[in-house]
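Whatever order the structure lists ligands and atoms in, that order sets their numbers, starting from 1.
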Amino acid sequence: MSDRVLIIDFGSQVTQLIARRVRESGVYSEIHPFNKVTAESLTAFAPKAVILSGGPASVTEAETPRAPEAVFTLGVPVLGICYGEQTMCAQLGGKVEGSDHREFGRAFVDVAEDCALFHGVWSPGGHHQVWMSHGDRVTALPPGFRVVATSDGAPFAAIADESRRFYGVQFHPEVVHTPDGARLLRNFTHGVAGCTGDWTMQAFKDQAIAAVRRQVGGGRVICGLSGGVDSSVVAALIHEAIGDQLTCVFVDHGLMRQGEADQVVSVFRDRFNITLVHKDASELFLGKLAGKTDPEEKRKIIGATFIDVFEEEARRIGGADFLAQGTLYPDVIESVSFIGGPSVTIKSHHNVGGLPDRMNMKLVEPLRELFKDEVRALGRELGLPDEMVGRHPFPGPGLAIRIPGQEITRERLDILRKADSVYLDEIRKSGLYDQIWQAFAVLLPVRTVGVMGDGRSYDYACALRAVTSTDGMTADYFPFPHDFLGRVASRIINEVKGINRVTYDITSKPPGTIEWE
Ligand code: XMP
């Protein structure tokens, strides 16, 4: 088994980035909430090292989160980051106090002494940019520790107890605004903890294939294929593991983009030789959507119809023992919530959330341990084409939520599909596709007057959207050059009958959302 690093989460917004950085250095890591880690679970996980994350609480108050004591008696290296440093100090006999000198954002540390965290990266006397976000600070060290770096707001910006291999940093090495952060983390996992860095996608693939074979045995597996990255990678992986025991079902709701349905069939059936049921259910979906314009109602109809069609097709092929799902690690990580209570539903994204419960099949979820970029790397490892593996996310309800405020008809879908494909074509030609998280056209519920040739036109307006993001939770609009936007607008108006005006959406998220509905 590869080396494992355990990250204990105290609720920082950036805890996931710690896991990303550690994995990027070839070491497998998992995030567990502080209140779920016990002495037994620690021993069972057998980490080579433990990292304590940041978090919003203050150790100066009673009853705020603490690291399980067993972390400090396990005999493995421990790195405390921000709140993690503070609680480590408080728990081991040091002192933490509130401070008037808060540091948020960019700050600089002065390296006072050498230590194993800094080897080959920072030397004494160095002055380096880091990213801080703290109010409290350590004011007295626990026995055995020494200060190795300071900053204006944090006299104990980095501390070390090398005999126990305990380290603490007040800054966040996991964010890109600490330019040397990834190397410092690597020093901790590789240098201090001795991890070998052998966790590669090739290794993961082999392990995942073996795990699927063990779980499934001689059973039959069914997998819903949508053409998106996650389900495509799941299908390719499971097929490599168990071949014909897998059947994929592609429920074509008629709300896909141009050429997408054909691509799914040609890649999976023709190239990969996977048993694939392609169910064209567009009539059914469009019939159920007739007259509907409310976004949530559309989502519910599409989700429920999808489940009905999928179940019907599963029955038709004689059922299966397992249902394969493309659940990813961010869906699995239990978040540490300090606010409590249910959060407001902005959009009900989990369109097919009810499927596993209803179908009475066991789940196969081979991507549960992976982040999205790791899924892409695995897809490449499995030989999936680049255009499939690098594809932008596409919502389950498809184009139905990109025709806001209007009934979904074939005519409108066709107009939207053409505009969208011109837009994506120009983005690809300009080499911008991979810099963008998601780009798409929206058909607006408004007709506008134009003049084309010598005549008057009275056609639809469309909006173009393109955003950058790392997880879809927050996003900013993509700053296309004006000549690019001009070129796309003129192509759409010339080539797509039914559209005579094009606008570009410059709303960020929040306050907007990525999709219009
Ligand atoms: P929003 O619009 O909420 O979108 O900013 C965030 C991400 O989620 C996708 N999205 C959906 N995905 N079913 C899905 O599977 C949905 O109903 C849905 N609505 C939005 C959106 O495309 C973006 O990637």
Side-chain angles (χ1 to χ4, degrees), residues 16 223-234 250-257 260 264 285 288-289 292-307 309-310 325-332 343-356 365 367 371-373 375-376 388-405 408 413 416-417 420 423-424 427 433-444 463-478 505-517:
Q16 285 198 18
C223 173
L225 201 55
S226 68
V229 180
D230 307 339
S231 67
S232 299
V233 173
V234 167
F250 169 36
V251 175
D252 187 351
H253 50 25
L255 306 164
M256 307 285 277
R257 288 167 293 189
E260 217 161 22
V264 171
F285 276 88
K288 298 221 176 201
L289 287 169
K292 306 294 185 204
T293 55
D294 177 75
E296 285 300 286
E297 199 182 352
K298 286 195 266 182
R299 280 191 170 80
K300 293 207 169 79
I301 291 171
I302 294 167
T305 311
F306 181 93
I307 291 176
V309 176
F310 191 87
Q325 289 217 134
T327 314
L328 303 195
Y329 193 45
D331 309 323
V332 175
S343 53
V344 185
T345 302
I346 307 288
K347 300 178 186 182
S348 51
H349 283 195
H350 295 287
N351 342 300
V352 294
L355 194 54
E365 300 178 299
L367 310 183
F371 288 110
K372 189 85 176 185
D373 50 344
V375 173
R376 295 200 158 106
M388 197 159 237
V389 167
R391 173 175 287 179
H392 292 167
F394 185 63
L399 300 181
I401 55 168
R402 293 180 180 171
I403 305 184
I408 312 302
L413 284 167
L416 176 58
R417 237 176 234 128
D420 191 73
Y423 181 37
L424 288 176
I427 289 176
Y433 190 85
D434 292 338
Q435 294 174 39
I436 295 170
W437 166 264
Q438 236 173 319
F440 53 90
V442 180
L443 192 70
L444 300 184
L464 304 179
R465 181 95 166 119
V467 295
T468 54
S469 177
T470 49
D471 52 13
M473 304 294 287
T474 58
D476 203 356
Y477 74 90
F478 187 78
D505 178 0
I506 54 168
T507 318
S508 62
K509 172 183 180 176
T513 54
I514 295 177
E515 305 287 348
W516 276 46
E517 282 195 332

Self-check item: Best match, P395, P295, G512: closest heavy atom to atom 11 (C) of ligand 1
Solution: P395

Practice problem: Can you figure out which of H392, Q438, E515 has its heavy atom closest to atom 23 (C) of ligand 1? | Solution: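 Nearest option to atom 23 (C) of ligand 1, by heavy atoms: Q438.
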
Exercise. With sequence neighbours left out, write down each residue that passes ring pair (Phe, Tyr, Trp, His ring centres under 6.0 Å) with F478, or none if nothing qualifies.
Key: F480

Exercise. Please say whether the positively charged group of R257, taken as NZ for Lys or CZ for Arg, lies over the ring of F394, i.e. under 6.0 angstrom from the six-membered ring centre and within 45 degrees of the axis.
Key: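 Yes.
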
Practice problem: Taking the side chain as every heavy atom from C-beta outward, state whether E517 and D294 have any pair of such atoms under 4.5 Å apart. | Solution: no

As an exercise, identify every atom of ligand 1 less than 4.0 angstrom from a heavy atom of [X].
X	result
G396	12 (N), 13 (N), 14 (C), 15 (O)
P397	13 (N), 16 (C), 17 (O)
K509	1 (P), 3 (O), 5 (O), 6 (C)

Self-check item: Under-4.0 Å salt bridge between E297 and K288
Solution: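 Here E297 does not pair with K288 in a salt bridge, since their nearest N and O are not under 4.0 Å apart.
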
Practice problem: Kindly say whether the aromatic ring centers of H392 and F440 come within a distance under 6.0 Å. | Solution: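 Not under 6.0 Å, so no.
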
Practice problem: Please indicate whether any nitrogen or oxygen in E517 is less than 3.5 Å from any nitrogen or oxygen in ligand 1. | Solution: no

